[in-house]
Structure formats: C-alpha cells, structure tokens
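Worksheet: the structure to be examined is printed underneath.
We name chains A, B, ... by the order of the sequence lines, and we start the count at 1 in each one. Note that these values count all heavy atoms, side chains included, but never hydrogens, waters or copies made by symmetry.
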Protein chains: 2
Amino acid sequence: MKQKPTLKVIAKELDVSVSTVSKALRDSKEIGEETKRKVKAFAKLYNYRPNNIALSLKNKKTKTLGVIIPEIVHHFFTTVISGIEHYANDKGYNVIVGLSNESFKKEVINLEMLANGSIDGFIISVAKETLSFKDFHHLSETIDQGIPIVMFDRVIDDIECDKVIVDDVKTSAKAVQKLIDGGCKNIGIISTKDYVSVGRLRTEGYKNALNANHIEIQKSRILKIDDKFNSDDNIEFLEEQIYTYFEENEVDGLFAVNELYAITAMKVARQKGLTIPDDLQVIGFTDGVLSKHAFPPLTTISQHGFEMGEESAKLLIDRLENPNEDEEPFKTIVVKTDIIDRETTKLHNPKK
Amino acid sequence: MKQKPTLKVIAKELDVSVSTVSKALRDSKEIGEETKRKVKAFAKLYNYRPNNIALSLKNKKTKTLGVIIPEIVHHFFTTVISGIEHYANDKGYNVIVGLSNESFKKEVINLEMLANGSIDGFIISVAKETLSFKDFHHLSETIDQGIPIVMFDRVIDDIECDKVIVDDVKTSAKAVQKLIDGGCKNIGIISTKDYVSVGRLRTEGYKNALNANHIEIQKSRILKIDDKFNSDDNIEFLEEQIYTYFEENEVDGLFAVNELYAITAMKVARQKGLTIPDDLQVIGFTDGVLSKHAFPPLTTISQHGFEMGEESAKLLIDRLENPNEDEEPFKTIVVKTDIIDRETTKLHNPKK
DNA sequence: CCTTACAGCTACAACGTTTTCGTGTTGATA
DNA sequence: TATCAACACGAAAACGTTGTAGCTGTAAGG
C-alpha cells in the first residue's frame with residue numbers, strides 16, 4: 001500500500017523546499033527548468049495529486065454542490081440529478097446528495113450537516129412537510145450565511161433565491177385543453193393538497209382551462225390526495241381514495257399531477273371496467289419510466305428534468321463563480337414543457 | 001449577511017485564546033466553569049459550528065462516502081443509494097454521488113476526482129464498459145492507496161475487496177423452477193452479454209434449473225442483449241431483438257434478467273397476440289416501479305436494493321472505523337432474494 | 001571594486017481545527 | 001517560608017496547500 005505523497009514528502013525526497021515543489025508543479029517561472037523537470041517526473045512517478053481538502057480549506061471553496069431532494073427513488077428527481085451532475089462535473093464540481101424523505105427534520109439536519117463548509121451552495125426541492133409546516137428558517141438562515149440556494153420544482157415564493165420551475169399553471173391548462181379538444185365532457189383532476197405548490201398551481205391551470213371553455217367547475221371532481229410522505233408506500237391508500245372518487249364522479253377525462261396518480265387511476269378505472277382511452281382519457285404530469293411503459297402508454301407532460309437539473313446547476317455555479325454575486329438579481333428560470341402523445345388520449349397532436 | 005464565526009473571532013471577541021474557546025466548547029475540564037458558560041453562550045448566539053473542512057484536514061477523515069454507479073435513473077440503483085444514505089447518515093457520514101453512465105472513462109475520472117482526499121471510501125457498481133474492457137487498474141490503484149472499496153451487484157472477482165451481491169445463480173434457478181412448476185414447457189431467457197457478471201450468472205442459474213429438471217437447453221432460447229449503454233434510450237432496439245426472438249422461438253415461459261427486459265417482452269408478446277399469463281408466463285429480476293405498476297403486474301425477484309445499500313455502507317464504514325483495517329479479511333455478503341408473486345405467473349406461492 | 005539586477009530558491013503565513021505542552025497564579029502543606 | 005499540586009488558561013504545532021516576501025549567489029554594468 002503506497003500512501004498518497006504530499007508536497008512535503010516530495011520536497012524531502014528531492015531535497016528542495018515545499019514551495020519549490022508546489023511552484024514547479026504549477027509551472028511557475030520562478031523555478032528553473034531543470035528543477036521543474038525533476039519535480040514533475042517524480043510527481044508523475046508517484047502519482048501525486050493535490051489534496052482536495054487542503055485546497056478547500058485554503059481557497060474557502062469546496063467545488064462541491066449539495067443537492068437535497070425529498071426522495072431519490074423517483075424518476076423525476078433522478079433525471080434532475082443527472083442534469084445537475086452533468087453540468088457540475090463539466091465545471092469540475094462534485095455533487096453530494098441529501099435525502100429528506102419528505103421530512104422537515106431530516107431536511108434541516110441535512111442542510112446543517114452540509115452547511116458547515118462541506119459545500120459551496122445548495123440545490124433543493126423542498127419536502128412536503130416543510131411546505132405544510134411553512135417553516136423556512138433553515139433556508140433563510142443558510143442564505144444569510146452567504147451560502148446560495150437554488151430551488152427547483154417545489155419552490156417557496158417567500159424565499160428570495162434563484163429558482164427553476166415549469167409553468168405549472170399554463171402547462172396544466174394546456175393538458176386539460178387537450179382533453180377537452182379530445183372530446184371529454186366531464187374532466188376531473190387528481191392533485192395534491194394545496195400546500196404543495198405544484199399541486200396548487202396545476203389545479204389552478206385545470207380550473208383556468210375549464211373556465212376558458214365555459215365549463216362549470218365541480219368541486220367534487222377535484223381530488224386532493226393527502227400523502228404527506230413517500231407515496232410509493234401507500235399505494236393502497238391512494239387506490240382507495242381514487243376508487244371512492246370514481247364512485248362519486250363520472251368522468252371521461254382525467255388529469256393527474258404526477259404519473260403515479262395517473263397510473264393508479266388507470267388501474268382502478270380498469271377494475272371498474274372502463275377502457276382507456278375510449279371511456280376515459282388520461283394525462284399525467286412528469287414523464288417517467290412509468291408513463292412510457294404503462295399499459296396503455298400514458299400521455300404525459302414532460303418536465304424535462306434533465307434540463308431543469310442543468311439549469312439549476314448553471315444558476316448556482318454562475319453565482320458561485322461570479323465575484324460580485326451579491327448584486328446579481330435572483331432569477332427564476334421557467335423550463336418549457338411538452339406534451340408527449342401516447343395512447344391514453346384520443347386526439348393526437350401532429351407536431352412531434 | 002452574517003458570516004459563519006470561527007474559533008478565532010469568538011476568541012478575539014471574548015478576549016481569550018483560540019484554544020480556550022475550542023476546549024470550552026468541547027467541555028474540557030481544563031477550562032473554568034465561568035469561562036465555559038460565556039463561550040458557550042456566545043457560540044450559541046452566533047450559531048457557531050465547527051468547519052468541516054478544517055476538521056477533515058486535521059483528522060484526515062472526511063466522513064464522506066463516494067458512491068459511483070452506472071446511472072441514477074434506474075430504480076434499483078436509487079433504492080441502493082437510499083439504503084446507503086440511510087445507514088451512512090445515521091453514522092454521521094455524507095454521500096457524494098458519481099455517475100459513470102456506463103462509461104469506463106467517466107468511471108475513472110469520477111474515481112480520481114474523489115480519491116484526492118474528498119472521500120474516505122468508495123461504494124461502486126462497475127460500468128458495463130469497464131466490465132467489457134476488463135481494465136480495472138483504477139480500482140486496484142485506489143485500493144492500493146489505502147482507500148477501501150465496496151462493490152455491489154456488478155462485482156469483479158479479480159479485485160479483492162468487500163462485496164455485496166445476491167446469489168444470482170440460485171435465485172435465477174428458483175425463478176425458472178417456478179415457471180416449470182407453473183407448467184411451462186418451453187422456457188426462454190432474456191439476458192445480457194456475458195461480460196456483465198450478473199447476466200452471466202443469471203443465465204447459469206437458468207441452465208441449472210433446466211438441467212435439474214432434465215429439460216434440454218436450447219441455445220436459441222437464450223437471448224443476450226448487447227446494450228453497452230443506457231438501455232432506456234434504445235427501447236426500439238430492444239423491442240426489435242425481442243421481436244425476432246419471438247419469431248424464432250415459441251416459448252410459454254420467460255425469465256428476464258431485469259425488469260425492463262421483462263416489461264418490453266410483455267409488450268412485444270401482447271402485440272403478437274399472446275395473453276399473459278395464459279399463453280406466456282414471465283418473471284423479471286429486480287423489483288422496481290415498473291414491475292409493480294406494469295400490466296399485468298409483473299412477478300419479480302426482489303433484490304432488496306435498500307438492504308444491499310445498507311450492507312454496503314455498513315461494510316465500508318466498519319472497515320473505515322476499524323483501526324486494524326488491514327488485517328480484517330474481505331467479506332462478501334450475499335443478500336437474500338424473494339420472489340414477489342404478482343400476476344404474470346400462474347402458480348402462486350403461498351408463503352408471502 | 002561596488003552596485004544592481006535577476007534567476008532560483010526558501011521561509012513564512014494563512015485557511016480552521018484540535019491537542020500537547022507549557023506557564024503563571026492560588027492555596028495548602030511541610 | 002519554601003515546595004507543590006491544582007487550576008485556568010495560552011502558545012504552538014500539525015494537517016496540505018499556495019502566495020508573498022525574503023534570501024542567496026552570480027553576472028553584468030558603472
């Protein structure tokens with residue numbers, strides 16, 4: 001086992017000073033050609049690499065981004081991480097991942113654990129519990145300490161920072177319009193409770209579309225699922241709620257704010273003898289593996305998670321590397337969405 | 001914006017020495033009660049937290065684990081990460097994620113990027129390209145430098161380190177046996193090329209089961225998909241291969257080495273007019289979202305990714321925190337598997 | 001022969017901690 | 001009164017870097 005050599009051991013071995021070694025390796029003109037050659041050869045031979053931690057301490061920069069998300073077993077979030085990783089790695093940054101599991105407490109702990117010098121900035125999508133508690137002190141304190149935050153998808157209006165979102169209202173309206181255009185007369189929505197910003201906004205878009213088409217909004221057709229935590233664990237609970245929803249509502253079009261709701265609704269609908277898309281047309285939000293491989297393949301809205309990740313990382317790194325960061329106004333980037341036509345809707349859009 | 005205070009500023013503010021502050025905060029009995037109280041109060045007020053980087057440099061420990069996986073947009077890997085995170089966080093460790101995208105080069109870069117002091121040890125599942133190139137110098141060099149590695153799922157026999165796997169051979173045999181017990185006469189397998197260890201082993205299990213039941217092995221029934229890279233991008237390619245496979249083979253039972261292959265095969269089968277499980281029974285490997293929400297829900301083998309993650313993290317952290325780490329022999333933990341009975345097989349196992 | 005210039009190198013401080021080893025004061029004891 | 005332990009604190013080194021300032025020797029210029 002050969003330990004990583006430090007400047008010191010190279011210096012001792014070559015009988016020069018530490019500074020000389022450091023400078024030689026950085027090709028400083030203060031050092032003679034001959035010495036440089038010797039040092040470089042030695043460094044290569046022993047595979048010298050500067051110690052990152054020491055550099056971080058000296059430069060007060062870790063070149064590491066902290067990403068905190070509700071759960072990682074979730075296609076949308078992983079595509080976002082992919083995007084973040086892609087851009088960050090390109091710029092020489094590492095990515096450290098923290099999971100909140102939708103828990104406020106874990107989110108706070110994660111933030112504090114990383115805010116002590118481990119990272120240069122955060123990219124975060126807020127936990128549902130945090131949203132429902134409306135307690136954002138950990139976020140504002142972090143920003144106060146000079147650590148920039150970028151929020152994506154689930155954002156908080158009251159916190160001033162860079163944000164990357166999709167236009168949930170417009171996009172949802174577009175989806176519902178598609179159902180209307182496809183001949184649906186009775187359109188329902190399966191959403192989340194209002195404290196989840198994206199759920200609220202998507203419901204708003206749903207209402208807007210109905211209004212625009214002079215269709216009366218029926219409250220009972222708006223189902224707001226209350227899953228504070230990991231939704232994958234309470235499939236039965238979800239199914240039950242959707243089942244009673246179908247009992248109480250006769251809909252021929254359904255807009256779901258995520259693919260799990262959509263898929264589950266399709267499953268329940270099938271159990272009730274409905275065929276898709278003939279009896280019921282469905283559109284989901286967020287394109288993931290489920291949508292693509294569902295039966296029938298689900299028409300969904302693609303949020304372009306990869307791009308959202310890239311944009312988030314770009315925003316953060318730009319701010320980190322911009323010397324006059326404080327003056328720079330906060331930006332909110334709205335990533336475009338697309339409807340991906342598959343087989344749960346009748347009207348197929350000709351344009352890709 | 002109030003900057004994080006350091007020991008130095010606290011010391012200056014309170015007119016004591018840095019050492020006194022440090023000791024007071026760690027409740028050393030060298031310091032008088034009165035002083036301790038003052039220091040602690042001040043530290044609390046200004047929300048002092050020791051700088052992680054400085055600690056890392058001093059202790060030569062970062063309390064951070066590097067996890068390198070082929071892709072993150074993959075249910076199995078994310079469950080593993082969840083498991084790693086869970087155990088690691090519990091022990092006060094952070095997790096830094098690197099993606100190889102199945103590329104040898106990116107794997108090497110990631111490893112080197114993190115091996116310079118950023119992390120204490122690695123947990124890795126090797127890229128397909130690395131497996132096919134059979135070039136493992138980056139791994140052995142890392143171990144040589146005293147940085148421990150734990151491999152999971154896709155492991156390399158030639159490299160000596162801790163490993164976490166499932167018994168692919170036995171598990172696969174069990175799955176195939178289930179098909180046989182369910183009345184299948186002509187059983188096929190969709191696997192990967194042999195350089196992917198898990199593909200090879202699962203194929204072996206398939207053969208073993210047939211042998212044990214005195215069923216002749218027909219080479220044409222063994223389909224080895226050659227997807228060196230991200231398989232989600234070449235669904236069409238996959239479908240084509242499976243389509244021709246079905247043209248050439250009439251099977252009533254199918255074992256797929258991952259859920260994507262299984263789902264895709266079901267899709268193709270459906271197109272060919274087969275009904276599942278009546279005409280064709282299917283079992284997949286690796287339980288993910290796809291299996292659970294497929295139509296019909298797919299009978300699969302659960303690899304217990306979360307547990308694999310936990311075991312990997314445990315193995316790594318144990319080694320890191322064990323002072324006489326060098327002597328400790330390398331372990332290979334075999335995580336148990338379960339067949340999850342769903343609706344693509346006929347014979348349902350009574351025991352959960 | 002004395003400056004001056006420059007090349008080529010070294011010393012030192014700093015980043016924020018912890019820890020070891022002082023050091024001075026106090027009060028008790030011989 | 002001299003000695004000593006206990007107490008409360010401070011100085012300094014160390015982790016691995018880098019950058020600035022300083023040092024040394026040689027050669028050129030006056």
Side-chain angles (χ1 to χ4, degrees), chain A residues 3-40 42-43 46-64 92 114-120 145-147, chain B residues 3-40 42-43 46-64 92 114-120 145-147:
Chain A
Q3 279 287 1
K4 286 233 125 195
T6 66
L7 290 184
K8 206 198 272 185
V9 321
I10 298 184
K12 188 173 289 176
E13 212 69 26
L14 260 46
D15 214 37
V16 291
S17 81
V18 174
S19 343
T20 304
V21 179
S22 171
K23 284 173 187 163
L25 290 175
R26 328 196 91 239
D27 235 342
S28 157
K29 57 188 143 210
E30 286 182 60
I31 307 297
E33 286 307 322
E34 179 55 24
T35 315
K36 273 193 209 170
R37 222 172 305 133
K38 261 199 326 199
V39 172
K40 282 181 186 169
F42 194 93
Y46 285 88
N47 193 31
Y48 169 80
R49 300 260 179 266
N51 181 304
N52 246 320
I53 298 292
L55 285 179
S56 296
L57 183 59
K58 183 139 220 323
N59 304 332
K60 296 175 143 244
K61 284 190 180 180
T62 60
K63 284 261 183 180
T64 302
L114 296 176
N116 303 316
S118 302
I119 52 95
D120 294 341
Q145 278 168 25
I147 302 176
Chain B
Q3 279 287 1
K4 287 233 124 190
T6 65
L7 290 184
K8 204 198 272 186
V9 322
I10 299 184
K12 188 173 287 175
E13 213 70 27
L14 260 45
D15 214 35
V16 291
S17 81
V18 174
S19 352
T20 304
V21 178
S22 172
K23 286 172 189 166
L25 290 174
R26 327 195 91 241
D27 233 344
S28 156
K29 57 188 142 212
E30 285 182 58
I31 307 298
E33 286 306 323
E34 179 56 24
T35 315
K36 274 194 208 171
R37 220 171 307 131
K38 261 199 325 200
V39 172
K40 282 182 185 168
F42 193 93
Y46 286 90
N47 193 32
Y48 170 79
R49 299 262 179 268
N51 181 304
N52 247 320
I53 298 292
L55 286 180
S56 296
L57 183 59
K58 183 137 221 327
N59 303 332
K60 296 173 141 247
K61 284 189 180 183
T62 60
K63 285 258 183 184
T64 302
L114 296 175
N116 302 316
S118 302
I119 53 96
D120 294 340
Q145 278 167 26
I147 303 177

B:A11 to B:V18 - nearest heavy-atom pair and separation: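 Minimum heavy-atom contact is CB-N, 3.7 Å.
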Upstream residue (5' side of DNA chain D) when A:E30 and B:E33 are each assigned their closest nucleotide: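 The 5'-side residue here is B:E33.
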Heavy-atom donor-acceptor pair, [X] side-chain to [N] base, under 3.5 Å:
X	N	answer
B:K23	C:dT17	no
A:S17	C:dA11	no
B:K8	C:dT17	no

Nearest-Å distance, [atom1] ([X]) to [atom2] ([N])?
X	N	atom1	atom2	result
A:K4	D:dT17	NZ	C1'	15 Å
A:I31	C:dT10	CD1	P	7 Å
A:N59	C:dG16	CG	P	12 Å
A:I53	C:dT18	CD1	P	15 Å
A:Q3	D:dG16	CD	C1'	14 Å
A:K38	C:dG8	NZ	P	13 Å
B:N116	D:dT17	CG	C1'	13 Å
A:L7	C:dA11	CG	C1'	15 Å

Does a nitrogen or oxygen in the side chain of [X] sit under 4.0 Å from OP1 or OP2 of [N]?
X	N	value
B:T35	D:dC9	yes
A:T20	C:dC9	no
B:R26	C:dT19	yes

5' precedence on DNA chain C between A:L57 and A:K29 (nearest-nucleotide basis):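 This one resolves to A:K29.
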Side chain A:S56, main chain A:N52, donor-acceptor under 3.5 Å: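 Side chain of A:S56 to backbone of A:N52, a donor-acceptor pair under 3.5 Å: yes, one is there.
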4.5 Å side-chain heavy-atom contact, A:I53 and B:K60: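 Answer no - side chains too far apart.
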Starting the side chain at C-beta, find the nucleotide from [options] nearest to [X].
X	options	result
A:K58	C:dT18, C:dA14, C:dC9	C:dA14
A:P50	C:dT18, D:dT17, C:dG16	D:dT17
B:K60	C:dT20, D:dC15, D:dA11	D:dC15

Derivation of the side-chain contact (heavy atoms from CB on, under 4.5 Å) call for B:T6 and B:K4: CA-CA 7 Å; B:T6 65; B:K4 287 233 124 190; over 6 Å; no
Straight-line distance of B:K63 NZ to B:L55 CG, nearest 0.5 Å: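 Rounded to the nearest 0.5 Å, the NZ-CG separation comes to 11.0 Å.
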Rounded distance [0.5 Å steps], CD1 in A:I119 versus OG1 in A:T62: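 Here the interatomic distance stands at 6.5 Å.
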Sugar-phosphate only, base, or nothing, as touched by B:T6 at under 4.0 Å among non-hydrogen atoms: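 Touches sugar-phosphate only.
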Sugar-phosphate only, base, or nothing, as touched by B:L55 at under 4.0 Å among non-hydrogen atoms: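 Sugar-phosphate contact only - B:L55 comes under 4.0 Å of backbone atoms but never of a base.
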